[in-house]
Peer 1: 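This is the structure I have questions about; it appears just below.
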Amino acid sequence: MPVNFNSAKTDPTKWRLAVSEGRQTWHYLEDEHELANWPQTDFDRYWQGLPLMNEQDFEETKCPLDAARNGFRFYQKLQTPDGHWAGEYGGPMFLIPGLVITMYITKTAWKPGQAAELINYLRARAHKEDGGWGIHIESPSTVFGTALNYVALRLLGVHQDDPACVKARAHLHKLGGATGIPSWGKFWLSILSVYEWEGNNPVPPELNMLPYWVPFHPGRMWCHTRAVYIPISYLFGRRFKADLDPLLKSLRSELYIQPYETIKWSQMRNNVAPVDLYSPHTKLFDLLNEILVIYEKLPKWPIREQALKTTLDQIRYEDINTDFLDIGPVNKVMNMLIVWLVDGPKSENFARHCSRVDDFLWKSSEGLLMNGTNGSQLWDTAFAVQAMVETGLAEEPEFKKSLLLAYDFLDVTQIKRDTIIDPKICHRHISKGAWPFSTRDQSYTVSDCTGEGLRATLMLQKKVTFPKDYAMKKISDERLFDAVNVLLSMQNPDGGFASYELVRGPKWLEWLNAAEVFGNIMVEYCYPECTTSSILGLAEFREHYPNHRRKEIDATIQRAVQYILNEQRPDGSWYGSWGICFTYAAVFALDSLASVGLTYETSEPVRRACAFLISKQRADGGWGESFKSSETHQYVQRDSQVVHTSWAMLGLMAAGYPVKENLSRAAKVCFYPVSKGMN
């Protein structure tokens, strides 16, 4: 049935966020008895754009510390009962379609409110000028974003004559239609039977049978890339296609600018619209694809059968190790579809997959979106704790309860074992003692999260005084030693730290990047940000445990600092990969250098870094950097942002930058008299 948009909106006062040990899932309550027994909280209301229940006036700020105090008074209202701060981790616009396609094919019902709010979000995020969608919320409209999100709207029940669909379809046709969609889009449309497998470059599952010494073995790839291409190879190997129904037949005509049956699919394998193309194929990759096309035409069933089995084993390992969350939403829904296909819709494994869908869905005031992971719970909580300790606010009695809750969350979230499946078999790094980005169940070791989690834990245990009536069960020395062991195991030969694992593959594997819309995704890389967090975690530990593995820790920090110095560009900057972009990297790099005594006064590289930041300060005193910096690898200005200004100030203060006028001008962007509740 076509959806009437006016009747599709839900009541924001009926949404509730359930939390448990970091897990966060939104629920729409329609029963009056349920509503009465589960009252809405401030954190529920904040994320729905509703006024808080007990908004308070704060005293006017006289200094930055007053502003910070008022800020945390507000912020603790948003802390969840299990101790973490829940929040949106959105941005990508290619996540919802994969989920919607999987739910449609498997005929899995949406829970109350979900379909309506997914539609609301897609409508809210369509570009006002052309009606399309980009690869992320700041991106111009692309074929990838427009075709997939158009399909999502149609599968959710929106009629093709709905104004949003008419406008988006017109722009898609203007861009040349869906034949120019990048490879991940070709895959999803093929699964849905609205694109042909002949129009895909081969992803044979036999790659998963290669011996590990082969440089392009999947185990040598970056874990996110590996986790996505393993299920892609399985579904490609089976050439799975959904049963064609009237809606899918209609989509075959809606998505293209020529009749579906006239499209020469084999000529579409390398057809990617110019607006989408960020990482073009290399000639080597195109040549290998031509060879694989020939390979796919050869009889190979015995080896294909074994390859599919080997690939399915890896998919099951991923599900088991992560309690069916998987590393992220892209491979999660692919694995879910495969489990439905192999085990059946009534299987326990499929039921467990379905039970984890809500972990990725976030209800905002715009609608229901899909987070880039199952959240950023540990990351956000660790920094909140550190901010409180470093400002001295942690010693103020009104904040003790909040910090104790945060400590309990840090305790619960530390990973206390290695993966259920032998890490060597499933190509995972050791995880006992690590902290993840989100929750313990997700189970992936992350270097910077381990560093920041360790640092926050030690700060609370060693630097904050709690009243005797606060029952604080301290994390044992043994568990802290486990965290240090993880960090020491993650340093690469160049001294740097990558994200999830050691760098395993050669950089030339980027020549085989099939994604077209992403760059530098084939292997792990070391990052100034991850390296800094690892340095700071180890340095904090060394301060309190000076005799534990001291020589190793000293040597590790020394090599890591040298990596930071080596990565600095001639203009004094560092390129950041996990935030936007040069500003983000600068605050991390300067913090790590300051931790070993390299400051503006003592270090020429630090002076160059400060000069770079000061050169980007805007006329109003703030800093603002565009996401285009990440794409162009050059600093691109935008209007001043509170976050970028704060990052720049933190970096300059860590470095001991001596010109106070610059910092005073910046402070006016961030701090101002507050008389009403903060948000």
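Values below: every heavy atom of this structure, side chains too, minus hydrogens, waters and symmetry copies.
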Peer 1: Do NZ/NE/NH1/NH2 and the carboxylate oxygens of Glu396 and Arg69 come within less than 4.0 Å?
Peer 2: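 Salt bridge between Glu396 and Arg69, a charged N being under 4.0 Å from a carboxylate O: yes.
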Peer 1: Assess, by modelled atom type and distance only, whether the side chains of Arg440 and Gln414 contain a donor and an acceptor separated by less than 3.5 Å.
Peer 2: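 The answer is no; no qualifying pair exists.
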Peer 1: Take Glu625 and Thr583 through the side-chain hydrogen bond (donor to acceptor under 3.5 Å, both in side chains) test and state the conclusion after the steps.
Peer 2: CA-CA 7 Å; Glu625 186 177 0; Thr583 318; 2.5 Å; yes
Peer 1: Please tell me whether Gln442 and Thr373 have a donor and an acceptor in their side chains that are separated by less than 3.5 angstrom.
Peer 2: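 Looking only at side-chain atoms, Thr373 and Gln442 do not form any donor-acceptor pair under 3.5 Å.
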Peer 1: Would Asp620 and Ser640 count as a side-chain hydrogen bond (donor to acceptor under 3.5 Å, both in side chains) here? Give the steps.
Peer 2: CA-CA 8 Å; Asp620 63 2; Ser640 291; 2.7 Å; yes
Peer 1: Are Arg607 and Glu604 ion-paired here, with the side-chain N under 4.0 Å from a carboxylate O?
Peer 2: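 Answer for the salt bridge query: no.
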Peer 1: Give a yes or no on whether the backbone of Asp66 and the side-chain of Thr61 come within a donor-acceptor separation of less than 3.5 Å.
Peer 2: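 Checked: no pair found.
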Peer 1: Tell me, please, whether Phe582 has Lys616 positioned over its six-membered ring: NZ or CZ under 6.0 Å from the ring centre and within 45 degrees of its axis?
Peer 2: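 No - Lys616 does not lie over the ring of Phe582 by the 6.0 Å and 45° rule.
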Peer 1: Under 6.0 Å from the CD atom of Glu661, do we count more than 12 heavy atoms belonging to anything else shown?
Peer 2: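 Result for CD/Glu661: open.
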Peer 1: Between the side chains of Lys363 and Glu88, is the shortest nitrogen-to-carboxylate-oxygen separation below 4.0 Å, so that they form an ion pair?
Peer 2: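 Salt bridge absent between Glu88 and Lys363.
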Peer 1: Ignoring hydrogens and angles, tell me if any N or O in the side chain of Ser402 forms a donor-acceptor pair with the backbone of Phe399 under 3.5 Å.
Peer 2: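 No, because the side chain of Ser402 does not come within donor-acceptor range (under 3.5 Å) of the backbone of Phe399.
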Peer 1: With no hydrogens and no angle check, is any side-chain donor or acceptor of Gln568 less than 3.5 Å from a backbone partner on Trp574?
Peer 2: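 No, Gln568 side chain to Trp574 backbone: no donor-acceptor pair under 3.5 Å.
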Peer 1: Would the distance check show the side chain of Arg559 and the main-chain N or O of Gly496 forming a donor-acceptor pair, the cut-off being under 3.5 Å?
Peer 2: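 It does not hold such a pair.
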Peer 1: Are the aromatic ring centres of Phe518 and Tyr278 under 6.0 angstrom apart?
Peer 2: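 Ring-ring flag for Phe518/Tyr278: false, centres at least 6.0 Å apart.
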Peer 1: Determine, stepwise, if the pair Asp44 / Gln48 fulfils side-chain hydrogen bond (donor to acceptor under 3.5 Å, both in side chains).
Peer 2: CA-CA 7 Å; Asp44 294 323; Gln48 302 316 303; over 6 Å; no
Peer 1: Tell me whether Arg455 is salt-bridged to Glu390, with the criterion being a basic N under 4.0 Å from an acidic carboxylate O.
Peer 2: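 So Arg455 pairs with Glu390 through a salt bridge.
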Peer 1: For Asp477 and Tyr545, does a side-chain donor sit closer than 3.5 Å to a side-chain acceptor?
Peer 2: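 Looking only at side-chain atoms, Tyr545 and Asp477 do form a donor-acceptor pair, the distance falling under 3.5 Å.
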Peer 1: Within the side chain of Tyr575, is there an N or O that forms a donor-acceptor pair under 3.5 Å with the backbone of Ser630?
Peer 2: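 Yes, the answer is positive, given that a donor and an acceptor are paired below the 3.5 Å cut-off.
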Peer 1: Checking Arg123 against Asn120: is there a side-chain donor and acceptor pair closer than 3.5 Å?
Peer 2: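 Side chains of Asn120 and Arg123: no pair found under 3.5 Å.
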Peer 1: What are the two closest non-hydrogen atoms of Leu590 and Ala655, and how far apart are they?
Peer 2: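 So the minimum-distance heavy-atom pair works out to CD2-CB, 4.2 Å.
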Peer 1: Could you walk me through whether Ser431 and Thr445 satisfy the side-chain hydrogen bond (donor to acceptor under 3.5 Å, both in side chains) test, starting with their C-alpha distance in whole Å, then the side-chain angles of each, then the deciding distance to 0.1 Å, before giving a yes or no?
Peer 2: CA-CA 5 Å; Ser431 54; Thr445 296; 4.5 Å; no
Peer 1: Which atom names give the shortest non-hydrogen contact between Pro528 and Phe588, and what distance separates them?
Peer 2: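 Residues Pro528 and Phe588, closest heavy atoms: O-CB, 4.5 Å.
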Peer 1: Indicate whether the side chain of Tyr500 and that of His224 have a donor and an acceptor atom separated by less than 3.5 Å.
Peer 2: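 Yes, His224 and Tyr500 have a side-chain donor paired with an acceptor closer than 3.5 Å.
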Peer 1: Identify the residue among Gln24, Arg23, Gln79, Glu21 that makes a side-chain hydrogen bond (donor to acceptor under 3.5 Å, both in side chains) with His84.
Peer 2: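 Among Gln24, Arg23, Gln79, Glu21, the one that satisfies the side-chain hydrogen bond (donor to acceptor under 3.5 Å, both in side chains) with His84 is Gln24.
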Peer 1: Which residue is it: Leu454, Asp448, Leu487? I am looking for the one with a side chain to side chain contact (heavy atoms under 4.5 Å, CB included) to Ser533.
Peer 2: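 Per the side chain to side chain contact (heavy atoms under 4.5 Å, CB included) rule, the option paired with Ser533 is Asp448, out of Leu454, Asp448, Leu487.
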Peer 1: Establish, from distance only, whether the side-chain atoms of Ser438 and Asn374 form a donor-acceptor pair under 3.5 Å.
Peer 2: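 A pair is found: one side chain offers a donor N or O, the other an acceptor, under 3.5 Å apart.
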Peer 1: Check this for me, if you would: do Glu398 and Arg73 make a salt bridge, where the nitrogen-to-carboxylate-oxygen distance has to be below 4.0 angstrom?
Peer 2: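 A salt bridge is present here (some side-chain N lies under 4.0 Å from a carboxylate O).
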Peer 1: Verify whether one side chain among Gln562 and Asn566 offers a donor that lies under 3.5 Å from an acceptor in the other.
Peer 2: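 Yes, a side-chain donor-acceptor pair sits under 3.5 Å.
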Peer 1: Donor-acceptor pair, distance only, cut-off 3.5 Å: does the side chain of Tyr407 make one with the backbone of Ile475?
Peer 2: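 Indeed, once roles are kept as given, a pair shorter than 3.5 Å links the two residues.
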